[in-house]
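Positions are given from 1 along the sequence. Because the structure is a prediction, the values reported are computed rather than measured.
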Amino acid sequence: MHVEHIGIAVKNCQDANQLFAKLLGAEPYKAENVESEAVNTSFFHVGNTKIELLEATAEHSAIAKFIEKKGEGIHHIAFEVEDIHAEMERLKAEGFQLLNEAPKRGADNKLVCFVHPKSANGVLVELCQEIKE
């Protein structure tokens with residue numbers, strides 16, 4: 001449907017929040033710990049999209065490994081979808097490699113699934129769908 005957010009890996013959310021608040025002229029509107037991914041997140045509104053800052057809370061987390069290998073920077077781009085299950089099936093049928101067999105709960109009240117960067121020209125793509133409770 002649209003770009004939902006851009007994820008940026010950072011070493012320290014508190015420091016990065018200060019930097020991005022100056023850069024964007026606004027404070028983060030939300031902070032959240034996502035235990036399943038071993039990350040702390042904070043979100044900024046930028047027009048109709050969001051910036052998600054991701055800080056590792058454990059050495060084994062994907063964000064810690066990313067920063068160790070590539071340093072701080074853009075980690076993923078997320079696209080909002082209406083039906084994450086249907087979109088996962090469509091992408092599998094198109095030959096994309098998914099990192100999840102089923103969507104899982106992510107930050108910001110979303111179901112999420114990731115497309116492997118090897119099947120998307122080196123870009124980690126996140127699919128996300130609002131959880132309607």
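Side chain of Ser61 to main chain of Glu37: no donor-acceptor pair is present (N/O by atom type, distance under 3.5 Å, no hydrogens or angles).
Separation of atoms CD1 (Ile6) and NZ (Lys50) is listed at 12.5 Å; rounding is to 0.5 Å. Between atom CG of residue Leu53 and atom CG of residue Asp15 there is a gap of 11.0 Å, rounded to the nearest 0.5 Å. The distance from atom OG of Ser42 to atom CD of Glu55, rounded to the nearest 0.5 Å, is 8.5 Å. Here the straight-line distance linking atom CD of Glu89 with atom CG of Leu98 works out to 8.5 Å at 0.5 Å rounding.
Donor-acceptor pairing under 3.5 Å is recorded for the side chains of Asn109 and Glu130. For the residue pair Glu52/His75, the side-chain donor-acceptor check at 3.5 Å is not satisfied.
Shortest non-hydrogen contact noted between Ala64 and Ala58 is CB-O, 3.5 Å. Across all their heavy atoms, His116 and Lys118 have their closest contact at ND1-N, 2.9 Å. Of all non-hydrogen atoms in Ile67 and Ala9, the two that sit nearest each other are CG1-CB, 3.8 Å. A pairwise comparison of heavy atoms in Met88 and Asn100 identifies CE-O, 3.6 Å as the closest pair.
For the pair Lys110 and Glu126, the salt-bridge criterion is not met [side-chain N within less than 4.0 Å of a carboxylate O].
Using a 4.5 Å heavy-atom threshold, the side chains of His5 and Glu80 count as separate. With a 4.5 Å cut-off on side-chain heavy atoms, Glu72 and Ile8 do not count as touching.
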